[in-house]
J.: 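Please find one structure pasted underneath; my questions will follow.
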Amino acid sequence: MKLHLVSILTLVSVSAFGEPTAYTIDPEHTHPSFEVDHFGGLSTWRGTFKKTTGSVQLDAAAKTGMVDVVIDTASIDFAHDKLNAHASSPEMLDVVKYPTAEYKGRLAEFANGAPKTITGQLTLHGVTKPVTLTVNSFKCIEHPMLKKQVCGADASGSFNRADFGVNYGQQYGFKQDVLLRIQVEGVKAN
């Protein structure tokens, strides 16, 4: 039930001039999803966040870049209305008090013009902690309909939700690890 926020995301492209290229995260094609334990291995619950915004800066020639992803915590969706309401409550994410989660990171470990990791800070439930994501796949294309460069990536990582003060269920044996899976697409800004 944690944000995985983030995260996350990583969109990248090769800049012909070695200058940073800016991308705007496409909220229609960016879906942070997550897996959390239920009763210490009884089952695994999977969910997503339906509203995400953010940006990415990339300088492939210099092998640097930054990502800033903001997740609307109230957009949590387990495909189970009662669980969505409970996860949004003060007992868990407390979306009224903490309406967003944010991941800010640096693109790192480049190979063939693409980052392999993102090292950054996740802010969730008012707490900021380091979280590293692995970039599992990355690709940029000229979008045939938008007529702009679009980059997409799939990234994943894990964190302990209790570290962020979201430890509901721990007393019942729920494991506190959250597995994040983030598919993200970004459109080159002008």
Side-chain angles (χ1 to χ4, degrees), residues 2-35 46 48-73 75 100-161 163-164 177-190:
K2 275 42 269 263
L3 295 300
H4 353 278
L5 284 329
V6 182
S7 235
I8 320 55
L9 349 266
T10 174
L11 315 136
V12 208
S13 141
V14 177
S15 171
F17 302 103
E19 294 181 13
T21 301
Y23 296 85
T24 301
I25 290 176
D26 179 353
E28 298 296 319
H29 293 94
T30 299
H31 301 286
S33 63
F34 55 95
E35 297 179 6
R46 293 175 177 89
T48 189
F49 289 92
K50 300 188 314 186
K51 294 182 182 175
T52 306
T53 59
S55 63
V56 175
Q57 293 284 326
L58 172 74
D59 186 337
K63 298 181 180 181
T64 63
M66 298 176 68
V67 61
D68 186 0
V69 179
V70 179
I71 293 175
D72 177 346
T73 56
S75 73
T100 61
E102 186 171 20
Y103 182 81
K104 290 185 176 187
R106 294 190 179 280
L107 306 175
E109 299 180 36
F110 280 67
N112 300 319
K116 296 299 176 189
T117 61
I118 307 169
T119 57
Q121 300 283 319
L122 172 63
T123 300
L124 171 65
H125 203 250
V127 177
T128 302
K129 298 274 185 183
V131 173
T132 298
L133 301 174
T134 298
V135 180
N136 304 309
S137 66
F138 169 80
K139 180 178 180 177
C140 293
I141 64 168
E142 182 70 21
H143 195 285
M145 293 174 277
L146 297 176
K147 306 298 182 201
K148 288 186 174 186
Q149 186 179 49
V150 176
C151 295
D154 178 75
S156 61
S158 63
F159 63 91
N160 185 314
R161 62 187 176 95
D163 291 345
F164 294 87
D177 292 332
V178 175
L179 174 61
L180 262 297
R181 297 186 186 276
I182 302 164
Q183 76 180 44
V184 61
E185 291 185 18
V187 180
K188 184 176 179 181
N190 296 325

J.: Go through the structure and list residues passing side-chain hydrogen bond (donor to acceptor under 3.5 Å, both in side chains) with D177, not counting sequence neighbours.
T.: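 With neighbours one apart ignored, the set is empty.
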J.: How close do S158 and V131 get, heavy atom to heavy atom, and via which atoms?
T.: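 Smallest heavy-atom distance, with atoms named: O-CG1, 4.4 Å.
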J.: Keeping S137 on the side-chain end and A153 on the backbone end, is there a donor-acceptor pair under 3.5 Å?
T.: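 No; judged by distance alone, with no hydrogens or angles, the pair does not exist.
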J.: Find the distance between CG (D59) and CD (E19) and round it off to the nearest 0.5 Å.
T.: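 One finds 8.0 Å between CG of D59 and CD of E19.
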J.: If every non-hydrogen atom of E142 is compared with every non-hydrogen atom of Q149, which pair is closest and at what distance?
T.: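 Smallest interatomic distance, heavy atoms only, reads OE1-N, 3.8 Å.
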J.: Could you measure the distance from the NZ atom of K104 to the CG atom of D68? Nearest 0.5 Å is fine.
T.: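 Rounded to the nearest 0.5 Å, the NZ-CG separation comes to 5.0 Å.
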J.: Atom CD1 in I182, atom OG1 in T48: separation rounded to 0.5 Å?
T.: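 I182 atom CD1 to T48 atom OG1 measures 10.0 Å (nearest 0.5 Å).
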J.: What class does the angle between the rings of F34 and F49 fall in, given that below 30° is parallel, 30 to 60° is tilted and above 60° is perpendicular?
T.: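 Tilted, since the angle between the ring planes falls between 30° and 60°.
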J.: How far apart are the C-alpha atoms of V127 and D163, what are their side-chain angles, what is the distance that settles it, and do they pass the side chain to side chain contact (heavy atoms under 4.5 Å, CB included) test?
T.: CA-CA 8 Å; V127 177; D163 291 345; over 6 Å; no
J.: Go through the structure and list residues passing side-chain hydrogen bond (donor to acceptor under 3.5 Å, both in side chains) with D26, not counting sequence neighbours.
T.: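 side-chain hydrogen bond (donor to acceptor under 3.5 Å, both in side chains) list for D26, sorted by chain: H29.
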J.: Tell me yes or no: between the side chains of T123 and T128, is some donor less than 3.5 Å from an acceptor?
T.: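 Short answer, yes.
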J.: Taking S33 for the side chain and R181 for the main chain, is one N or O donor matched with an acceptor at less than 3.5 Å?
T.: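 At least one qualifying donor-acceptor pair exists.
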J.: If only side-chain N and O atoms count, and only distance matters, is there a donor-acceptor pair under 3.5 Å linking E185 with Y23?
T.: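 The answer is no; no qualifying pair exists.
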J.: About how many Å separate OH of Y103 and CG of L133, when rounded to the nearest 0.5 Å?
T.: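 L133 atom CG to Y103 atom OH measures 4.0 Å (nearest 0.5 Å).
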J.: In Å and rounded to the nearest 0.5 Å, what is the CZ to CD1 distance from R106 to I118?
T.: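 The distance works out to 13.0 Å.
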J.: Taking it one step at a time, do N190 and K148 satisfy side chain to side chain contact (heavy atoms under 4.5 Å, CB included)?
T.: CA-CA 8 Å; N190 296 325; K148 288 186 174 186; 4.1 Å; yes
J.: Kindly indicate, with the supporting measurements, whether the criterion side chain to side chain contact (heavy atoms under 4.5 Å, CB included) is fulfilled by L58 and F110.
T.: CA-CA 11 Å; L58 172 74; F110 280 67; 3.6 Å; yes
J.: Which atom names give the shortest non-hydrogen contact between A189 and T24, and what distance separates them?
T.: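 Smallest heavy-atom distance, with atoms named: CB-OG1, 4.2 Å.
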J.: So, taking the atom named CZ in F159 and the one named CG in L124, what distance separates them when rounded to the nearest 0.5 Å?
T.: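 Rounded to the nearest 0.5 Å, the CZ-CG separation comes to 5.5 Å.
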J.: How close do T52 and P27 get, counting heavy atoms only, and between which atoms?
T.: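 What the structure gives for the nearest pair is O-CB, 3.2 Å.
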J.: Using the test side-chain hydrogen bond (donor to acceptor under 3.5 Å, both in side chains), find all partners of S75 that sit at least two apart in sequence or belong to another chain.
T.: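 Partners of S75 by the side-chain hydrogen bond (donor to acceptor under 3.5 Å, both in side chains) criterion come out as none, since no residue qualifies.
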J.: Which heavy atom of G113 sits nearest a heavy atom of A60, and at what distance?
T.: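 Where G113 meets A60 most closely, the heavy atoms are O-CB, 4.0 Å.
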J.: Shortest non-hydrogen contact from T73 to T100?
T.: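 Looks like CG2-C, 3.7 Å.
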